[in-house]
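Below: one structure, written as structure tokens.
The chains referred to below are lettered A, B, ... by the order of the sequence lines, with proteins before strands, and numbering in each begins at 1.
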2 protein chains.
Amino acid sequence: MPSHEFQAHDHSHCVSDAMNAALVHCEKNGLKFTPVRQRVFEILLSEHKAMGAYDILEILAKEGMGSQPPVVYRALDFLGTHGFVHKIEKLNAFVACEHPGSDHDPAFMICRSCTKVVEMNGSPNSEISSAAKSMGFEVEAIVVEAEGLCPTCQDTE
Amino acid sequence: MPSHEFQAHDHSHCVSDAMNAALVHCEKNGLKFTPVRQRVFEILLSEHKAMGAYDILEILAKEGMGSQPPVVYRALDFLGTHGFVHKIEKLNAFVACEHPGSDHDPAFMICRSCTKVVEMNGSPNSEISSAAKSMGFEVEAIVVEAEGLCPTCQDTE
DNA sequence: TGAGGGCTTGATATACTATAACAGTTCATA
DNA sequence: TATGAACTGTTATAGTATATCAAGCCCTCA
């Protein structure tokens, strides 16, 4: 009985756990986890889906936390650099990382129906890296994004 | 002694071979390989690197083949649909496919130094699909993009 | 304690990427 | 030759991202 993020779960835990992990990581490493940065992370955590920068900005603006693109892009840049959020290249959108603090190349599953995005367990990065190495290519970062249907949306189609 | 596209090679062959393959494929399938479409494909073939749509458009415009974005995006859409070019999501750019006509989910190596892009042999898509399947996710399309340094640029750094 | 420096934020402007919508043309074929 | 489907031309606009400069905050070290 696999338990993972496509299924129903106590979401408030996801949010608070990840936020705590991020706070601890910032504390440890002397990073400034400012209000805007925290709020952007929180917004992304509160959904299990990718959000565009301008969607996030809209929420920030309503709350009086800044209304111009650089505000949110700078926050996303900080969060991305420190592994708290990932960019989904295929969607030009962003998702909160489910294990903040650990440096890793994630692999994603994107449901084209409900737009939920979930990080894959055991991403096949080492195989990709070694395949590349056999062609003399030195890999530094990998993007893996699988688009398709999540369990729920398979049923309802 | 591996021979692949990062190394020096008779590039005119790449171009003419791929173009011929595309012509044959279109002929067989009743597709209209119009001048604009051919020219866009040719432009992409003539480089081993990803080009932005507007870079291509600029060349087209100089040659009097259309000066507005939809011209190039429509051509790219056609070429993409039929597997002649691929989009590099990470770069918002496009590359010519090296085996046009065969429907496949490609995996790419992108050199961050010289910006050359090469398709990987034996992409690990089946492993990604089965990893996803074990989480109940049905994969329809996969993006794999490895960024790093090509053999040449490793030497010169 | 206060001057300097580094980082963060605010604000304006602009660059880059992509598509919607409609009019006009071409071309195969009924 | 009328018709319809697909392609092209054109205008307009939507969506994504960054450069730049000014201003504020906070730490620290003389």
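Qualifying salt bridge (Lys or Arg N to Asp or Glu O under 4.0 Å) partners for Glu147(A), counting only residues two or more places apart in sequence or in other chains: Lys90(A). For Gln38(A), there are no side chain to side chain donor-acceptor pair (under 3.5 Å) partners two or more places apart in sequence or in a different chain. Contacts of Lys28(A) classified as side-chain contact (heavy atoms from CB on, under 4.5 Å), with partners at least two apart in sequence or in another chain: Val24(A). For Tyr73(B), the ring-ring contact (aromatic ring centres under 6.0 Å, His included) test picks out no residue, with sequence neighbours left out.
The side-chain contact (heavy atoms from CB on, under 4.5 Å) test with Met51(A) singles out one residue from Ile88(A), Val85(A), Ile56(A), and that residue is Ile56(A).
Between Ala50(B) and Leu91(B), the shortest heavy-atom contact is CB-CD1, 4.0 Å.
Close to dT9(C), at under 4.0 Å from its OP1 or OP2, lies a side-chain N or O of Thr34(A).
For His82(A) and dC7(C), the NE2 to P distance is 11 Å, given to the nearest whole Å.
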Item checked: Nucleotide-resolved protein contact map, nucleotides 13-30 of chain C, B/S/- at heavy-atom distance under 4.0 Å -> ----BBBBB---------

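Around NZ of Lys87(A), the count of heavy atoms belonging to other residues, nucleotides or ligands within 6.0 Å exceeds 12.
Between Phe84(B) and Phe33(B), the two ring planes are tilted [angle within 30° to 60°].
Here the range on DNA chain D touched by chain B, meaning any atom under 4.0 Å from one of its heavy atoms, is dC7(D) to dT11(D).
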